[in-house]
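Just so you know, these numbers use all the heavy atoms, side chains as well, and skip hydrogens, waters and symmetry mates.
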Amino acid sequence: PKQFPRGFNIWAITPEERGKHDKQFDSLSPTLGYVSGDQARKFFLQSGLPASVLAEIWALADMGRDGKMDRLEFSIAMKLIKLQLQGQPLPSSLPVIMKQTPVPSMTSSARFGKGYESVPPILPGALSNSSSTTSLASNSPKTGACDWAVPQSSRLKYRQQFNSLDKLMSGYLSGPQVRNALTASNLTQTQLATIWTLADVDRDGQLRAEEFILAMHLVDMAKTGHPLPLTLPADLVPPSFRTIFFAKQSEFSLSVSLTLSLSLSVSFEDKLKENFQRGSMELEKRRLALQEEQREEERRRQKEREEQERREREARELALRRQREEEQRMERQKEMERRREEERLKDLERQEVHLPLERQRRMEWERAKRAELQAQREREQRDIERLTARKRSLELELEAVVRFTHELRQAKLEQERLQKEEAERKIAQERERRQAEEREKEERRRAEEREKEERRRAEEREKEERRRAEEREKEERRRAEERERIRESEGGKKPENSVNTDLHSQLSALLNSTQSTVTQSVFHLTSLQHHHCAPLTFQVDESTVREPGWLYGSYGGKSGWFPESYAEKINKDMTDPTAVLTHTTAPPADYSRHILLNTIMHHILQLQNWGGKWRSSSETTPNPPTPVDIYFYAVYKKSAFPSVFFLTVCAWTANTESHLGFSKDDVITVLEQQENWWYGELGENRGWFPKTHVSMVTTNNFHTDPESGDLTFRAEDVILVTEKEGEWWKGCIGDQSGLFPSNYVKPKDSDTAKSGVSSKKPEIAQVTAACIATTAEQLSLTPGQLILVLHKNSCGWWLGELQARGKKRQKGWFQSSNIKLLEPNSGKTTPAPPPRMLLCQVIAMYDYKAASEDEMSFLKGQLINVLNKDDSDWWKGELNGVMGLFPTNYVKMTTESDPSQQWCADLHSLDSMSSEERKRQGYIHELIHTEQTYLQDLELVLEVFYKPMAESGRLTEAEMAVIFVNWRELIMCNTKLLKALRVRKKTAGERMPVQVIGDILSSELAHMQAYIRFCSCQLNAAALLQQKTDASPDFKLFLKKIATNYRCKGMPLSSFLLKPMQRITRYPLLIRNILENTPVGHVDQANLREALERAEELCSQVNEGVREKENSDRLEWIQNHVQCEGVIEHLVFNSLTNCLGPRKLLHSGRVWKTKSSKELWAFLFNDFLLLTYTSKQFSSSSDKLFSPKSNTMYKMYKTPVFLNEVLVKMPSDPSSDDPIFHISHIDRVYTLKADSINERTAWVQRIKAASEHFIETEKLKREKAYQARSQKTSGIGRLLVTVQEAVELKPCKPNGKSNPYCELSMGAQCYTSRPQNDTLNPKWNFNCQFFIKDLYQDVLCITIFERDQFSPDDFLGRTEVPVATIKKDQEGKGPLTRRLLLHEVPTGEVRVRLDLQLYEQTPLL
């Protein structure tokens, strides 16, 4: 049997739904068959409906009003929730059908049975009535989209999906287009076929938008487990297809009813006919109503067209009227000008008639005036003479008064001067007395220390002498035994005994003489050749006849004459001659005796040694031994007395391992001297120390105790050994010779000693100055000779081999200052390296001969290396290895432009250059030199400051980043620049001109953007560093300690942080100097100009970055200290404005209201003026604006005043001293008072400028849009657009609302509607028209924005409609009304009315 459709009630609860509700009811664990309100509320809230809607559902479902629900009430509530989720509104009262128990649906067999007798008699009639009623109700045109079971959110989502699939914008989708969307649901083919059958309502094989939405909704139902219906329910039929659907269903129902009525009984025929006629009448009625609506719509469109034409006609008439009025005004103006010209001509004619009379009257007036002026001048002349006399008398009186006052002042000053001199004299005397006491104490303390030190040294020397005497005695006994054995073998014992007896008798006599009482006068030597030794004591025989000025004395067993001026007599009360030594230098008491014994023992040993040699060889004559040509390396340093001693004036702590720490009054041996740092030795420690912490030791505070005949040397020096005798050998270094311990040296390699060839390349030197040898071990040199350098000693004496043709090669010592080294494999020569740091070089202008030992001689034109410039008149320099002082007025710099430009070593090349080229090269080399120094300073900051600060943990990583910002990036930028400059300089040649440098500068300056960030953050870095220094004394002490590094030269970290800004501003100056001295047409000129432009642009960017950073910091300060309320509650100050770009703070300060004298704080931005007041009544007035330490809070006084709506005016009397000005804003006037007149002028000028800029920006924006719309165009038609409304827009404001406005554009044509405040469903009804140029290229763009006065407008969605699509949809239908979805936003659509009007195309003849 067939299935027949029957009526459907949406409020009825089906048995399936009731069973599902019962399961959910049981899952809530009901008590006695009821569910409490709390259990039901928690379950209902899972639906996502608002609490107010759930409260209405509870009121309808709770029929017993007992606050709990049974199974029926729970099922009713669940049914109402389901209908509400489908978009069905709640009923005002509970439908009766919901209270009934659900009846299961009957099958066709159960309903009709096997025969017609089983069907109740009323069934056909009821079926016919219900079918007709259902059909009529379904065909009602009032049924709309509000009762469509598809939710609104699903409609919007699937409508956007439909638009994305409809690439051709045809309005429908075919099967292949929908296949991918349906198969993505993973449903079976049977389910998809059923969904397609149900969704294709009109059975055309295609899915329109609503059919596609229905299909996707059915897919969602199938995916959630709901069974698919066999037939499409009425609530799922799309609204636009319901008329067709229910008409077909009505026809089907009528045919079924007719068949049943004929098969059951003939009486049903009349009822069926009646129902059919009634249905036909209803259809006809609806058709007529639809036609009436269409005619009404056509009349309304016609009326709108007529209204539009009327408005256009009125506009044209108004334009014509204005044109005629303008023409009439021009005519009137021309008529007035013509009349004025006629009147002017008439006046000229009248003047020509009355001209003689007028000339006569004027001459008379001039004569009278001249006479009056003459009389007035005479009166003034008399007044001047009288005033001159009066002035002269007053001047005499004033001169007398001034003279008298001056004398009084002079007397008073003289008296004060005398009193001041007396007080100063007393103070000076007191100071001298105290200083004398302090010196006396200090001298006593030092004398005591010296005595202790000398006593200790004397004890050590005595021990050493005893040890040496024992060793010599042992050696002598050994030699005596050997000689005795030899004599015994030869049988000659008597001579030996006589020699020994003589020697021993002489030794005993000398020893006895030193211990006997001195009867002669005793002198001690104060100055002669022993100026480095302690004073020597002489025994003088005053009875000897002598010449004036000379004395005869004895010392050490020798007698002779010596100058009287070189000695002084010892007091008679000092019986012991050594007391003098004790008084002066505090040596041991037996000092003279030790010197004498050492000398005697040394000579005795020599005599014995020579005597043995004479005896062993009877055939040879007793000649002295010749020098042994053997060279030794010094392993340790040996000094008879230290070369240079310095006394520490204060304590100093070593910072690194290479430094030498010491305490006050320590004595340091200086081994090497640099500019500000010296290398010295203290005890067993060596290291560098600052020279400012020591002073030179004089004979008053220090004296050594040398031993006569000792040889002084340093480690690694080469010594020529002339005699070997036991543990003490004799040798020489240059012009010095003497004894030294053999355990202080080691043998020099034999191959090196013989040939002078080592692993290094041999060094050849050329003699530059003649030198005559003074000893056999030295070399006599003549200029031009070549010397093979064998060794370089630290004292300046080098060992070499003289290369003379035709002569035997000689080895010996020579002075390094008399030669210059030759470079290997080249003919170039280089002077010996200077031992000091080179500051600059100068050229001798005149010859100069040294007048003292510390000066140096030079000839005109020689190049001198400057080592020290401490004295402005005398500099210290080096020339060919010789160092000394020279006068500065005898030399000139190597370049005439700048002392720092020392680049050319060839004087001839320098003289051959033009003055301009010399200056250019000087500036180029100054750039390279200063760049190298600057990079060293950058690296110094990392090593000396950054690393210790990071390792100490006193600052966090964030604070370190604030202070040093991007310091490593700066090093990378300048390292790259310096490397490029060095390569260019090396390519040109050392100390040679550099021709091209602009290309490097222009290329590298373009990559120095890191300076913009660093300089922008420099103020914050300095502020943080100062804050940390002030807050933490420990941190301040730490910074001060690490800044004592000698490389810092006394500068703190803050000074180094300023160097990048100083360097970046110096680049344009240096490049401009180079460019100004570059000749026109030079190959480097274009590159230098480009480099200069980039350097200036970089400086401008740095300055702009600094200003932007300062502005940003101030805006952040305002954000933290101003309490915003009302319209600016969520305002971000440091952000973009609506149309003026980034917000800037132009001015700020304190003003007062004139009436109430209320204090206000004003902040002027580039888009509005904000007036505030302090929130605390007793806030500190010392808190300054934008101070980091300020804790004052400000509140908004009035709503911000936008500058495009204000007018600022000066007071009516601008010359008044009261600094008042007025600000007019729409309906309010603010009268304010500034601090001063200048401050008022600043406020007025800046507000005016900002307001004019704001208004001009908006005006340009409007004019641009108006010009695009007003352009005359010969298009093919026009498009009339009416934006009616928008629905469900995205909320932007905190209250969930928006202020939307619409912007329509087509190419350059643009229109903007007025914003609607606080709504998500604005109704604009905004009309505009666009001229169509190309039917297939023009596109209508509709964009929705949120209006924000303080920031850029927010985007609320955009949609586009091609004009070709409008033409296709509008053909034969008139204007269209379409709902367009907004893209790029989650929700929103706009409703527009489109009317495309194309012009008639006239055929070309």
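Between H1222 atom NE2 and L1232 atom CG the span is 9.5 Å, to the nearest 0.5 Å. Rounding to the nearest 0.5 angstrom, the gap separating the CD1 atom in I924 from the OG1 atom in T1078 is 6.5 Å. Rounded to the nearest 0.5 angstrom, W1152 CH2 and D1235 CG are separated by 4.0 Å. Of the inter-residue distances, the one linking I1064 atom CD1 with F1014 atom CZ reads 11.0 Å to the nearest 0.5 angstrom. Between atom CG of residue L1075 and atom CZ of residue R920 there is a gap of 9.5 Å, rounded to the nearest 0.5 Å. Atom CD1 of I1237 sits about 11.5 Å away from atom CZ of F1221, to the nearest 0.5 Å.
Scanning all heavy atoms of the two residues, the minimum distance from L1069 to T1065 falls at CG-O, 4.0 Å. Of all heavy-atom pairs between W1117 and S1190, the closest is CZ2-OG, 4.0 Å. Contact record, R1240 with D1218: NH1-O, 3.3 Å, taken as the closest heavy-atom pair. Residues E855 and W874 approach most closely at OE2-CH2, 3.7 Å, considering heavy atoms. When all heavy atoms of E1159 and R1150 are compared, the pair lying nearest together is OE2-CD, 2.8 Å. Across all non-hydrogen atoms, the minimal contact from F858 to A844 is CD1-CB, 3.5 Å.
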Run the side-chain contact (heavy atoms from CB on, under 4.5 Å) check on L1164 and R1246 step by step: do they pass?
CA-CA 8 Å; L1164 176 63; R1246 294 182 182 180; 3.9 Å; yes
Quick one: do V401 and E397 satisfy side-chain contact (heavy atoms from CB on, under 4.5 Å)? Show the steps, please.
CA-CA 6 Å; V401 173; E397 294 177 1; 5.5 Å; no
Start with the C-alpha gap between W1161 and V1122, add the side-chain angles, then the distance that decides, and say whether side-chain contact (heavy atoms from CB on, under 4.5 Å) holds.
CA-CA 10 Å; W1161 293 89; V1122 175; over 6 Å; no
Could you please spell out the steps behind the side-chain contact (heavy atoms from CB on, under 4.5 Å) verdict for Q429 and E424?
CA-CA 8 Å; Q429 292 176 356; E424 291 178 352; over 6 Å; no
Evaluate R1107 against E1104 for salt bridge (charged side-chain N to carboxylate O under 4.0 Å, His left out), listing each step before the verdict.
CA-CA 5 Å; R1107 285 193 292 268; E1104 185 63 25; 2.8 Å; yes
Check against salt bridge (charged side-chain N to carboxylate O under 4.0 Å, His left out), R377 and E372:
CA-CA 9 Å; R377 187 176 64 179; E372 183 180 355; over 6 Å; no
Between E407 and R403, does a salt bridge (charged side-chain N to carboxylate O under 4.0 Å, His left out) hold up when you go through it step by step?
CA-CA 6 Å; E407 291 175 357; R403 190 184 303 110; 5.6 Å; no
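Side chain of Q862 to backbone of L859: a donor-acceptor contact under 3.5 angstrom is found. Not a single donor-acceptor pair under 3.5 Å links the side chain of S1032 to the backbone N or O of K1028. Within the 3.5 Å criterion, the main-chain N or O of G877 finds no donor-acceptor partner in the side chain of N865. For E878 (side chain) and V866 (main-chain N/O), no donor-acceptor pair under 3.5 Å exists by modelled atom type. With hydrogens and angles disregarded, a donor-acceptor distance shorter than 3.5 Å links the side chain of S1016 to the backbone of G1105. For N1111 (side chain) and L1145 (main-chain N/O), a donor-acceptor pair under 3.5 Å exists by modelled atom type. With hydrogens and angles disregarded, no donor-acceptor distance shorter than 3.5 Å links the side chain of S1224 to the backbone of V1229. Judged by distance alone, with hydrogens and angles left aside, the side-chain atoms of S1251 form no donor-acceptor pair with the main-chain N or O of I1247 at under 3.5 Å.
Using a 4.0 Å cut-off between charged side-chain N and carboxylate O, E442 and R446 make a salt bridge. Ionic pairing of E440 and R444 is present here: one or more N-O contacts between side-chain nitrogen and carboxylate oxygen are shorter than 4.0 angstrom. Ion pair R1114/E1110 flagged as a salt bridge, since at least one NZ, NE, NH1 or NH2 atom sits closer than 4.0 Å to an Asp/Glu carboxylate oxygen. The pair K1109-D1113 meets the salt-bridge criterion, since a charged nitrogen lies less than 4.0 angstrom from a carboxylate oxygen. Salt-bridge annotation for E395 and R392: absent, with no side-chain N of the basic residue lying under 4.0 Å from a carboxylate O of the acidic one. Using a 4.0 Å cut-off between charged nitrogen and carboxylate oxygen, D847 and K860 do not count as a salt-bridge pair. Remark: E416 does not engage K420 in a salt bridge, criterion side-chain N to carboxylate O under 4.0 Å. Using a 4.0 Å cut-off between charged side-chain N and carboxylate O, E1252 and K1248 make no salt bridge.
A donor atom on one side chain and an acceptor atom on the other are not found under 3.5 Å apart for R1066 and T930. A donor atom on one side chain and an acceptor atom on the other are not found under 3.5 Å apart for H1147 and Q1245. Between the side chains of Q921 and E917, at least one donor-acceptor pair of N or O atoms lies under 3.5 Å. Judged by distance alone, the side chains of Y1067 and E1096 never bring a donor and an acceptor atom under 3.5 Å apart.
Between K1059 and M1051 the shortest side-chain heavy-atom distance falls below 4.5 Å. Here the side chains of F1186 and S1148 are in contact, with some heavy-atom distance below 4.5 Å. Here the side chains of Q1018 and L1058 are in contact, with some heavy-atom distance below 4.5 Å. Using a 4.5 Å heavy-atom cutoff, the side chains of P1060 and Y934 are in contact. The shortest side-chain heavy-atom distance between M845 and V891 does not fall under the 4.5 Å cut-off. Using a 4.5 Å heavy-atom threshold, the side chains of I1074 and Y923 count as touching. Taking 4.5 Å as the limit, some side-chain heavy atom of Q1101 sits within range of a side-chain heavy atom of L1098. Residues W875 and F886 form a side-chain contact, since some pair of their non-hydrogen atoms from C-beta on lies under 4.5 Å apart.
Geometric assessment of K1153 against the ring of Y1230 yields a negative cation-pi assignment under the 6.0 Å and 45° thresholds.
Counted within 6.0 Å of CZ on R390, heavy atoms from surrounding residues, nucleotides or ligands total 12 or fewer; the atom is thus considered open. By the 6.0 Å contact criterion, OH on Y846 is open, its count of non-hydrogen atoms from other residues, nucleotides or ligands being 12 or less. Within 6.0 Å of OH on Y890 lie no more than 12 heavy atoms contributed by other residues, nucleotides or ligands.
Results of the side-chain hydrogen bond (donor to acceptor under 3.5 Å, both in side chains) test with E437 over K441, R433, R434 single out R433 as the only residue that passes.
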